[in-house]
Amino acid sequence: MNGKKIKEIPLDFIVIEENEMKSRAKSFNELLQKRRTVRNFSNKPVPRNLIEQCLLAANSAPSGANRQPWHFAVISSPEKKRQIREGAEEEEREFYQSRAPQDWLDALAPLGTDANKPFLERAPYLVAIFGQKFELDSQGKKKKNYYVAESVGIATGLLIAALHNAGLATLTHTPSPMKFLNRILDRPDTEKPLMVLVVGYPENDAKVPAISRKSLEQFTSFHEG
Ligand code: IYR
């Protein structure tokens, strides 16, 4: 970039009639209410093109100074999946056996999670999501990015919604620390792993915890008048 203002083009904005807006808002909410985090994945293959379309949707996210400071490493290689499972389970064993404070273990107990992560090998796709703290300019000089966690978080949210809309299930998996992902996936140190998204179909008999979502009143405040 040379600091010059970028040229402007007309906004391509679709005006929708108000009743249609309400109906769309309602159906989108109903669609998303059906999303559940799944831990029981089938090994049924998923077409790569589905994943690509959803990644393109994720890449529409707004980002600090439009740097798009994210990298999505898409893994279907059985060997890489095995390595990721091995790395994640090693960290998770540490977490569950000694690193996690009691209050955290208590919060996780109702979900029944533990250090075993078979889904990391069984699901057809893993998407490891990285935030790029820096990018290299055309001279190879490090340029700082802005609002990286926020930008990557938004892109990841869009990806989860896009995958759900496409008929796929996901699990947001956050082994901690996650540096092993840089090594296995050959990503530079300037990239910080944020999470692994496990993607696929749920097993036919998959069960999920009977949890509820907060009501609108519980999680919002309107400041009117
Ligand atoms: N990363 C661990 C622990 C874990 C933490 C939270 I917060 C969860 O909502 C679920 C799990 C694991 O993946 O088991």
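All values derive from a computational prediction rather than experimental measurement. Just so you know, ligand 1 is whichever comes first in the structure, and atom 1 is the first atom listed for that ligand.
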**OP:** Check whether any N or O atom of Glu92, backbone or side chain, sits under 3.5 Å from an N or O atom of ligand 1, and answer yes or no.
**Re:**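 Looking only at distances, the answer is yes, because the N/O contact criterion of under 3.5 Å is met.
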
Original post:
ligand 1 and Lys117, any nitrogen or oxygen pair closer than 3.5 angstrom?
Top reply: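 Indeed, backbone or side chain, Lys117 has an N or O that close.
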
Numbering as shown, the atoms of ligand 1 that approach [X] to under 4.0 Å (heavy-atom distance):
X      : answer
Tyr96  : 2 (C), 3 (C), 12 (C), 14 (O)
Phe95  : 3 (C)
Thr174 : 1 (N)
His173 : 13 (O)

Subject >> Crowding at CD, Glu52 (>12 non-hydrogen neighbours, <6.0 Å) >> reply: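 Yes, enclosed.
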
**OP:** State whether Arg24 and Glu20 are salt-bridged, where the test is any N-O pair (Lys NZ or Arg NE/NH1/NH2 against Asp/Glu carboxylate O) under 4.0 Å.
**Re:** yes

Original post:
Where the side chain of Arg213 meets the backbone of Gln33, is there a donor-acceptor pair that is under 3.5 Å apart?
Top reply: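 Looks like yes, one N/O pair under 3.5 Å.
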
Subject >> Main-chain N/O of Gly140 paired to Lys143 side chain as donor or acceptor, under 3.5 Å >> reply: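 Absent.
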
Subject >> Cation-pi geometry met for Lys214 and Phe219 (6.0 Å, 45°) >> reply: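 Not flagged: Lys214 not positioned over aromatic ring of Phe219.
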
Original post:
Where is the nearest protein heavy atom to atom 7 (I) of ligand 1: which residue, which atom, and how far?
Top reply: Trp104 NE1, 3.5 Å

Original post:
Closest non-hydrogen protein atom to atom 4 (C) of ligand 1, residue and atom name please, with distance?
Top reply: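 Atom 4 (C) of ligand 1 sits closest to the protein heavy atom Leu108 CD1, 3.6 Å.
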
Original post:
Which value, rounded to the nearest 0.5 Å, describes the distance between Asn165 atom CG and Ile160 atom CD1?
Top reply: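 So the gap between those two atoms works out to 13.5 Å.
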
